[in-house]
Amino acid sequence: MTSITDPNMSDRFTNAMEEIHSKQLKSYGEIIDATSEFCQSYRQFVKSAHDTCLKKCQDDEMLFETIQTFKRDSQHRNASLKERQQAISGMISEIQQKEMQKDDIIQKIEKLKAEQAKRKDLIESQHKANKTRLRNLQKARLVFQEHLGMEIRTIHGKTQLVKGEKLQFVFRNINPSDQDSAYVVTMGIKEDGAYQIVSSDPVLECLPALESRLQETNNLPAFLANIRKEFISQARR
(Lines give C-alpha, C1' and ligand atoms only; values in the text may rest on other atoms or scores of the structure.)
Protein backbone atom coordinates (compact mmCIF):
# COMPACT_ATOMS: atom_id res chain seq x y z
CA MET A 1 0.00 0.00 0.00
CA THR A 2 1.25 3.49 -0.88
CA SER A 3 2.74 5.41 2.06
CA ILE A 4 1.47 8.91 2.85
CA THR A 5 5.07 10.09 2.54
CA ASP A 6 5.29 8.80 -1.05
CA PRO A 7 6.23 11.72 -3.39
CA ASN A 8 3.77 10.40 -6.02
CA MET A 9 0.99 10.69 -3.50
CA SER A 10 1.83 14.37 -3.01
CA ASP A 11 1.65 14.91 -6.78
CA ARG A 12 -1.70 13.15 -7.00
CA PHE A 13 -2.99 15.20 -4.11
CA THR A 14 -1.84 18.43 -5.83
CA ASN A 15 -3.39 17.34 -9.13
CA ALA A 16 -6.64 16.55 -7.39
CA MET A 17 -6.68 19.93 -5.73
CA GLU A 18 -5.90 21.63 -9.04
CA GLU A 19 -8.63 19.66 -10.69
CA ILE A 20 -11.08 20.70 -8.01
CA HIS A 21 -9.88 24.29 -8.36
CA SER A 22 -10.38 24.12 -12.15
CA LYS A 23 -13.83 22.75 -11.69
CA GLN A 24 -14.65 25.54 -9.28
CA LEU A 25 -13.44 28.12 -11.84
CA LYS A 26 -15.52 26.42 -14.46
CA SER A 27 -18.55 26.56 -12.19
CA TYR A 28 -17.99 30.25 -11.54
CA GLY A 29 -17.78 30.82 -15.32
CA GLU A 30 -20.97 28.95 -15.84
CA ILE A 31 -22.65 31.10 -13.19
CA ILE A 32 -21.45 34.30 -14.90
CA ASP A 33 -22.60 33.00 -18.30
CA ALA A 34 -25.85 31.87 -16.83
CA THR A 35 -26.71 35.32 -15.40
CA SER A 36 -27.59 36.52 -18.89
CA GLU A 37 -29.95 33.59 -19.29
CA PHE A 38 -30.93 33.36 -15.60
CA CYS A 39 -34.62 33.04 -16.19
CA GLN A 40 -34.32 30.28 -18.75
CA SER A 41 -31.61 28.21 -17.03
CA TYR A 42 -32.16 28.85 -13.31
CA ARG A 43 -33.33 25.37 -12.57
CA GLN A 44 -30.59 23.84 -14.70
CA PHE A 45 -27.97 25.99 -12.92
CA VAL A 46 -29.23 25.03 -9.48
CA LYS A 47 -29.14 21.33 -10.44
CA SER A 48 -25.68 21.69 -11.96
CA ALA A 49 -24.38 23.54 -8.88
CA HIS A 50 -25.90 20.89 -6.60
CA ASP A 51 -24.29 18.06 -8.56
CA THR A 52 -20.95 19.82 -8.51
CA CYS A 53 -21.06 20.37 -4.75
CA LEU A 54 -22.15 16.82 -4.16
CA LYS A 55 -19.28 15.51 -6.24
CA LYS A 56 -16.85 17.76 -4.39
CA CYS A 57 -18.13 16.46 -1.07
CA GLN A 58 -17.77 12.90 -2.29
CA ASP A 59 -14.23 13.62 -3.46
CA ASP A 60 -13.40 15.20 -0.11
CA GLU A 61 -14.82 12.21 1.73
CA MET A 62 -12.79 9.83 -0.43
CA LEU A 63 -9.68 11.89 0.20
CA PHE A 64 -10.34 11.90 3.93
CA GLU A 65 -10.86 8.11 3.91
CA THR A 66 -7.65 7.69 1.95
CA ILE A 67 -5.76 9.80 4.47
CA GLN A 68 -7.26 7.80 7.35
CA THR A 69 -6.32 4.56 5.61
CA PHE A 70 -2.73 5.76 5.15
CA LYS A 71 -2.67 6.79 8.82
CA ARG A 72 -3.88 3.35 9.97
CA ASP A 73 -1.38 1.65 7.68
CA SER A 74 1.39 3.83 9.07
CA GLN A 75 0.41 2.99 12.65
CA HIS A 76 0.29 -0.71 11.79
CA ARG A 77 3.71 -0.56 10.15
CA ASN A 78 5.14 1.31 13.12
CA ALA A 79 3.78 -1.33 15.49
CA SER A 80 5.14 -4.10 13.28
CA LEU A 81 8.52 -2.36 13.09
CA LYS A 82 8.60 -2.02 16.87
CA GLU A 83 7.86 -5.73 17.27
CA ARG A 84 10.65 -6.59 14.84
CA GLN A 85 13.06 -4.31 16.67
CA GLN A 86 12.17 -6.02 19.96
CA ALA A 87 12.64 -9.43 18.35
CA ILE A 88 16.02 -8.37 16.95
CA SER A 89 17.06 -7.01 20.36
CA GLY A 90 16.08 -10.34 21.93
CA MET A 91 18.09 -12.26 19.33
CA ILE A 92 21.12 -10.01 19.85
CA SER A 93 20.87 -10.49 23.62
CA GLU A 94 20.61 -14.26 23.16
CA ILE A 95 23.61 -14.29 20.82
CA GLN A 96 25.65 -12.24 23.31
CA GLN A 97 24.69 -14.62 26.10
CA LYS A 98 25.73 -17.61 24.00
CA GLU A 99 29.03 -15.90 23.20
CA MET A 100 29.64 -15.42 26.92
CA GLN A 101 28.79 -19.08 27.55
CA LYS A 102 31.13 -20.04 24.71
CA ASP A 103 33.98 -18.01 26.22
CA ASP A 104 33.29 -19.56 29.63
CA ILE A 105 33.36 -23.07 28.14
CA ILE A 106 36.61 -22.32 26.31
CA GLN A 107 38.17 -21.08 29.56
CA LYS A 108 37.02 -24.22 31.38
CA ILE A 109 38.43 -26.41 28.60
CA GLU A 110 41.77 -24.59 28.75
CA LYS A 111 41.78 -24.96 32.54
CA LEU A 112 41.03 -28.69 32.24
CA LYS A 113 43.82 -29.06 29.67
CA ALA A 114 46.27 -27.31 31.98
CA GLU A 115 45.17 -29.47 34.92
CA GLN A 116 45.41 -32.59 32.76
CA ALA A 117 48.93 -31.62 31.69
CA LYS A 118 49.93 -31.05 35.33
CA ARG A 119 48.36 -34.36 36.31
CA LYS A 120 50.20 -36.10 33.50
CA ASP A 121 53.50 -34.60 34.61
CA LEU A 122 52.75 -35.60 38.21
CA ILE A 123 51.87 -39.15 37.17
CA GLU A 124 55.05 -39.43 35.11
CA SER A 125 57.07 -38.07 38.03
CA GLN A 126 55.41 -40.47 40.42
CA HIS A 127 55.93 -43.31 37.98
CA LYS A 128 59.65 -42.57 37.85
CA ALA A 129 59.79 -42.28 41.63
CA ASN A 130 57.89 -45.55 42.01
CA LYS A 131 60.29 -47.26 39.62
CA THR A 132 63.17 -46.07 41.76
CA ARG A 133 61.46 -47.28 44.90
CA LEU A 134 60.68 -50.64 43.33
CA ARG A 135 64.32 -51.03 42.34
CA ASN A 136 65.30 -50.23 45.93
CA LEU A 137 62.76 -52.76 47.15
CA GLN A 138 64.21 -55.38 44.83
CA LYS A 139 67.74 -54.65 46.02
CA ALA A 140 66.63 -54.75 49.64
CA ARG A 141 64.78 -57.97 48.99
CA LEU A 142 67.87 -59.68 47.61
CA VAL A 143 70.10 -58.43 50.41
CA PHE A 144 67.77 -59.34 53.25
CA GLN A 145 66.66 -62.64 51.76
CA GLU A 146 70.20 -63.83 51.17
CA HIS A 147 71.81 -62.62 54.40
CA LEU A 148 69.04 -62.21 56.95
CA GLY A 149 66.38 -64.67 55.88
CA MET A 150 63.77 -61.96 55.33
CA GLU A 151 60.70 -62.78 53.22
CA ILE A 152 58.75 -60.24 51.13
CA ARG A 153 55.11 -60.95 50.42
CA THR A 154 52.69 -59.16 48.12
CA ILE A 155 49.14 -58.71 49.43
CA HIS A 156 46.06 -57.11 47.94
CA GLY A 157 43.79 -54.70 49.82
CA LYS A 158 40.76 -52.53 49.16
CA THR A 159 42.94 -49.42 49.35
CA GLN A 160 45.11 -49.58 46.26
CA LEU A 161 48.57 -48.11 46.68
CA VAL A 162 50.83 -49.66 44.07
CA LYS A 163 48.61 -51.22 41.46
CA GLY A 164 46.36 -52.38 44.28
CA GLU A 165 49.22 -54.07 46.15
CA LYS A 166 50.92 -53.77 49.53
CA LEU A 167 54.14 -55.38 50.68
CA GLN A 168 54.79 -57.36 53.81
CA PHE A 169 58.34 -57.69 55.10
CA VAL A 170 58.56 -60.88 57.18
CA PHE A 171 61.60 -61.06 59.49
CA ARG A 172 62.78 -64.34 61.04
CA ASN A 173 65.75 -65.32 63.15
CA ILE A 174 64.76 -62.52 65.53
CA ASN A 175 63.93 -64.40 68.73
CA PRO A 176 66.78 -66.71 69.79
CA SER A 177 64.30 -68.98 71.51
CA ASP A 178 62.09 -69.24 68.41
CA GLN A 179 64.03 -68.69 65.18
CA ASP A 180 60.97 -69.36 62.99
CA SER A 181 58.78 -66.75 64.73
CA ALA A 182 57.66 -64.10 62.18
CA TYR A 183 57.95 -60.35 62.78
CA VAL A 184 56.02 -58.43 60.13
CA VAL A 185 55.94 -54.87 58.75
CA THR A 186 53.29 -53.98 56.15
CA MET A 187 53.86 -50.99 53.87
CA GLY A 188 52.89 -49.45 50.57
CA ILE A 189 53.39 -46.32 48.48
CA LYS A 190 50.96 -43.39 48.65
CA GLU A 191 49.60 -41.52 45.63
CA ASP A 192 52.28 -38.87 45.95
CA GLY A 193 54.97 -41.54 45.81
CA ALA A 194 55.88 -41.46 49.50
CA TYR A 195 56.34 -44.64 51.52
CA GLN A 196 53.50 -45.43 53.90
CA ILE A 197 53.86 -47.84 56.81
CA VAL A 198 50.54 -49.58 57.39
CA SER A 199 51.28 -51.71 60.45
CA SER A 200 53.78 -53.84 62.31
CA ASP A 201 53.38 -57.08 64.20
CA PRO A 202 54.34 -56.89 66.98
CA VAL A 203 53.67 -53.18 67.35
CA LEU A 204 56.75 -50.95 67.43
CA GLU A 205 56.33 -47.68 69.32
CA CYS A 206 59.12 -46.07 67.29
CA LEU A 207 57.50 -46.99 63.96
CA PRO A 208 56.18 -43.43 63.22
CA ALA A 209 59.66 -41.98 63.77
CA LEU A 210 61.24 -44.62 61.51
CA GLU A 211 58.59 -43.96 58.85
CA SER A 212 59.26 -40.20 59.01
CA ARG A 213 62.99 -40.77 58.54
CA LEU A 214 62.33 -43.13 55.63
CA GLN A 215 60.30 -40.45 53.89
CA GLU A 216 63.10 -37.95 54.42
CA THR A 217 66.01 -40.17 53.30
CA ASN A 218 64.21 -42.54 50.90
CA ASN A 219 66.71 -45.18 52.12
CA LEU A 220 64.65 -48.37 52.33
CA PRO A 221 67.51 -50.79 53.20
CA ALA A 222 68.46 -48.61 56.16
CA PHE A 223 64.82 -48.49 57.25
CA LEU A 224 64.51 -52.29 57.13
CA ALA A 225 67.77 -52.69 59.02
CA ASN A 226 66.47 -50.37 61.74
CA ILE A 227 63.17 -52.26 61.87
CA ARG A 228 65.07 -55.53 62.33
CA LYS A 229 67.11 -54.00 65.14
CA GLU A 230 63.95 -52.82 66.88
CA PHE A 231 62.34 -56.25 66.59
CA ILE A 232 65.52 -57.88 68.01
CA SER A 233 65.59 -55.35 70.84
CA GLN A 234 61.94 -55.97 71.64
CA ALA A 235 62.36 -59.78 71.51
CA ARG A 236 65.21 -59.66 74.03
CA ARG A 237 63.29 -57.68 76.62
task: Can you sort out the partners of K55 under side chain to side chain donor-acceptor pair (under 3.5 Å), two or more places apart, ordered by chain and number?
output: D59
query: To the nearest 0.5 Å, what is the distance between CG (N218) and CZ (F223)?
result: 12.0 Å
- line: Scanning both residues in full, the closest heavy-atom pair of A182 with V170 reads CB-CG1, 3.7 Å
task: Report the residues that fulfil salt bridge (charged side-chain N to carboxylate O under 4.0 Å, His left out) with K108, sequence neighbours left out, ordered by chain and then residue number.
output: D104
Linked hydrophobic residues, I88 as query - side chain contacts closer than 4.5 Å: I92
statement: Interatomic distance, CD1@I197 vs NZ@K166, rounded to 0.5 Å, equals 11.5 Å
- line: Separation between CD1 (I227) and OG (S200), nearest 0.5 Å, reads 7.0 Å
field: Counterpart residues, salt bridge (charged side-chain N to carboxylate O under 4.0 Å, His left out), relative to K102 (two or more places apart)
entry: none
- prompt: Can you find a heavy atom in the side chain of E211 that is under 4.5 Å from one in the side chain of Q196?
  reply: yes
message: If I compare all heavy atoms of F231 with all of P202, which pair ends up nearest, and what's the gap?
response: CE2-O, 3.6 Å
- line: So OG1 of T154 and CG of L167: to nearest 0.5 Å the spacing works out to 5.0 Å
task: Would you please name every residue forming a salt bridge (charged side-chain N to carboxylate O under 4.0 Å, His left out) with D201, sequence neighbours left out?
output: none
message: Please enumerate all residues that pass salt bridge (charged side-chain N to carboxylate O under 4.0 Å, His left out) together with R153, with sequence neighbours excluded.
response: E151
- request: Kindly indicate whether the side chain of L220, heavy atoms from C-beta on, has any atom under 4.5 Å from the side chain of M187.
  value: yes
field: Step-by-step side-chain contact (heavy atoms from CB on, under 4.5 Å) determination, I67 to L63
entry: CA-CA 6 Å; I67 292 173; L63 180 60; 4.2 Å; yes
